[in-house]
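Here the structure comes first, spelled out in structure tokens, and everything after it is commentary.
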Amino acid sequence: MNLLLAGSFGPEERLAWTRALQQVLPTHRLVADEPALQALGREHIDVALVANPAPGSLQGLPRLRLIQSLWAGVDRLLADPTLPAGVPVARMVDPAMNAAMAETALWAVLSLHRGFFDYQGQQRQALWQQRPQRRADEVAVTVLGFGQMGRAVAQRLAAQGYRVAAWRREPAPADTGAAPPAVPAGVDLQAGLAALPALLARTEVLVNLLPLTASTRGLLDARCFAALPRGAAVVNLARGAHLVEADLLAALASGQLRHAVLDVFQTEPLPAEHAFWQHGHITVLPHAAALTDERSAAAVVADNLARLVCGEPLRHLVQAQRGY
Ligand code: NAP
Ligand code: GLV
């Protein structure tokens, strides 16, 4: 098969992907740049391997049978009005990414719980002052989203001793007849919008790992912050458009929220003049909570391509009507 690699890669990243994919897919032809695509002809491409490609880049591929995302989140891909209709889209699901996300979430929650971000602020003022030391089981953390990332995060936080709740759309997966995986020990799993207010009311640290859809866009807003206990903290590791940025600044200014850890933003890269950079109660990461590891992700791609070749069911297909 002819595979098109498309996305917003830097030169080194493109090379790393090319090497990793060629290693696990030696019998397929990888078309990794525009000159190679022009030489082959767009009409010969069978599969597109994409990492946040520019809108329109998958047009004019009449033989396309699969769009395999190299990113976990497919919101930008699905928002492309020129996305070829009827071609299945699979997203990246890689345990290595889930583990990386769990590490980031643990760092954020631990730092909030033990006041390490506050100590960083104190260091800048040469201020020697100890803060109360609470136990992990006294800290209530809610994880919004209980999918690939949310489940791994909830499990990791519960294993660390936190009082963990998680929130999903449906009580059980709507898309499979298979028995749902067991809920990790120590995780209180809730489902549906009706459960949210009571959950938020007992949440000290809110970790967002929802996909960006019409129902979740702007969910982290003034109403959500007001439903949290005063002095709660927010960790957004999912998508920038989940958060209403002005509402966050207002909630921090009023003391309703005490700190936010943000990895994702409405505009990325975060503009140099943005208020978040210098804010004493916001910790900024450059969309680095869980990068795709091309070594393990290439194996995930190879597995799905083998399934395509054999006519077996593809894994991790996106359901367009639910948006994730
Ligand atoms: P996923 O496996 O598709 O899981 C989505 C979860 O969200 C599911 O539990 C789903 O509920 C729940 N959900 C969806 N819509 C909902 C709604 N309206 N109300 C309540 N729950 C809802 O997604 P994932 O792979 O874990 O990815 C999670 C997020 O992380 C995405 O936004 C992705 O873009 C982001 N991400 C960020 C980074 C980074 O580096 N910052 C890296 C990778 C991914 P059901 O279980 O009922 O379906
Ligand atoms: C990163 O944000 C991803 O969706 O893989």
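When a ligand or atom number is given, it counts from 1 through the structure's own listing order.
- Of the charged side-chain nitrogens involved, at least one lies within less than 4.0 Å of a carboxylate oxygen, so that Glu204 and Arg134 count as a salt-bridged pair.
- Taking every non-hydrogen atom of Met101 and a distance limit under 4.0 Å, the qualifying atoms of ligand 1 come out as 37 (C), 38 (C), 39 (C), 41 (N), 42 (C).
- Distances shorter than 4.0 angstrom do not occur between any heavy atom of Arg151 and any atom of ligand 1.
- Closest approach of Val264 to Ala238, counting heavy atoms only: CG1-O, 3.4 Å.
- The backbone N or O of Leu61 lies less than 3.5 Å from no partner atom in the side chain of Arg42, so there is not a single donor-acceptor pair.
- A salt bridge links Asp46 to Arg63: one of the charged nitrogens lies within less than 4.0 Å of a carboxylate oxygen.
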**Study point:** Asn304 vs Arg315, side-chain hydrogen bond (donor to acceptor under 3.5 Å, both in side chains): CA-CA, chis, key distance, verdict
**Key:** CA-CA 6 Å; Asn304 241 2; Arg315 302 191 74 202; over 6 Å; no

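- Among Leu210, Leu219, Leu285, Thr216, the residue whose heavy atom sits closest to atom 12 (C) of ligand 1 is Leu210.
- For ligand 1, the polar-atom distance check finds an N/O of Arg239 within less than 3.5 Å of one of the ligand's N/O atoms.
- Nearest heavy-atom pair across Gln68 and Arg91 is NE2-O, 3.5 Å.
- Looking at His242 and Asn208, their side chains do bring a donor and an acceptor atom within 3.5 Å of each other.
- In terms of polar-atom proximity, defined here as any N/O pair under 3.5 Å, Tyr324 does make such a contact with ligand 1.
- Remark: ligand 2 and Leu70 share no N or O pair separated by less than 3.5 Å (distance only, no angle test).
- With a 4.0 Å heavy-atom cut-off, ligand 2 is reached by no atom of Arg91.
- Counting heavy atoms closer than 4.0 Å to ligand 1, residue Leu291 contributes nothing at all.
- Taking 4.5 Å as the limit, every side-chain heavy atom of Thr18 sits out of range of all side-chain heavy atoms of Phe9.
- Atoms of ligand 2 found under 4.0 Å from any heavy atom of Ala72, numbered from 1 in the order shown, are 3 (C), 4 (O), 5 (O).
- Considering each of Gln319, Arg91, Arg322, the one bringing a non-hydrogen atom nearest atom 2 (O) of ligand 1 is Arg91.
- Near Arg239, with a cut-off below 4.0 Å to any heavy atom, the atoms of ligand 2 are 1 (C), 2 (O), 3 (C), 4 (O).
- The proximity of Leu237 to ligand 1, defined as any non-hydrogen pair under 4.0 Å, is limited to the backbone.
- Contacts between Ser215 and ligand 1 below 4.0 angstrom, taking non-hydrogen atoms only, involve the side chain exclusively.
- If you number the atoms of ligand 1 from 1 as listed, the ones under 4.0 Å from a heavy atom of His287 come out as 39 (C), 40 (O), 41 (N).
- The shortest N or O to N or O distance between Trp71 and ligand 2 is not under 3.5 Å.
- For the pair Arg114 and Gln133, the minimum side-chain heavy-atom distance is below 4.5 Å.
- In terms of protein heavy-atom proximity, atom 2 (O) of ligand 2 is closest to His287 NE2, 2.6 Å.
- A salt bridge between Arg223 and Asp221 is absent, with no side-chain N of the basic residue lying under 4.0 Å from a carboxylate O of the acidic one.
- If you look at Ala289 next to ligand 1, the close heavy atoms, those under 4.0 Å, come from the backbone and the side chain alike.
- By the 4.0 Å N-to-carboxylate-O rule, Asp33 lies too far from Arg14 to be salt-bridged with it.
- Near Met97, with a cut-off below 4.0 Å to any heavy atom, the atoms of ligand 1 are 43 (C).
- Interface atoms of ligand 1 facing Asp263, defined by a heavy-atom separation under 4.0 Å, are 39 (C), 40 (O), 41 (N).
- Contact detail for Ser254 and Arg230: the closest heavy-atom pair is O-NH2, 2.6 Å.
- At least one N/O-N/O distance between Gly73 and ligand 2 falls below 3.5 Å.
- Panel note: side chain Trp167, backbone Val143; no donor-acceptor pair is recorded below 3.5 Å.
- Between Phe265 and Phe276, the two ring planes are tilted [angle within 30° to 60°].
- Residue contacts with ligand 2 leave out Met92, since none of its heavy atoms falls under 4.0 Å from the ligand.
- Interface atoms of ligand 1 facing Ala72, defined by a heavy-atom separation under 4.0 Å, are 43 (C), 44 (C).
- Taking a cutoff of 4.0 Å between a charged side-chain nitrogen and a carboxylate oxygen, Arg76 and Asp80 do not qualify as a salt bridge.
- Between Val264 and ligand 1, not a single N/O pair is under 3.5 Å apart.
- The closest approach between Met92 and ligand 1 stays at or above 4.0 Å for every heavy atom of the residue.
- Residue Leu209 approaches ligand 1 through these ligand atoms, each under 4.0 Å from one of its heavy atoms: 28 (C), 29 (C), 30 (O).
- Atoms of ligand 1 found under 4.0 Å from any heavy atom of Glu170, numbered from 1 in the order shown, are 47 (O).
- In this pair, Phe117 and His259 present their aromatic rings parallel. The plane angle is below 30°, not in the 30 to 60° band.
- Listed by number with element, the atoms of ligand 2 under 4.0 angstrom from any heavy atom of Met97 are 5 (O).
- Set against the non-hydrogen atoms of Ala290, the atoms of ligand 1 under 4.0 Å away are 39 (C), 40 (O), 42 (C).
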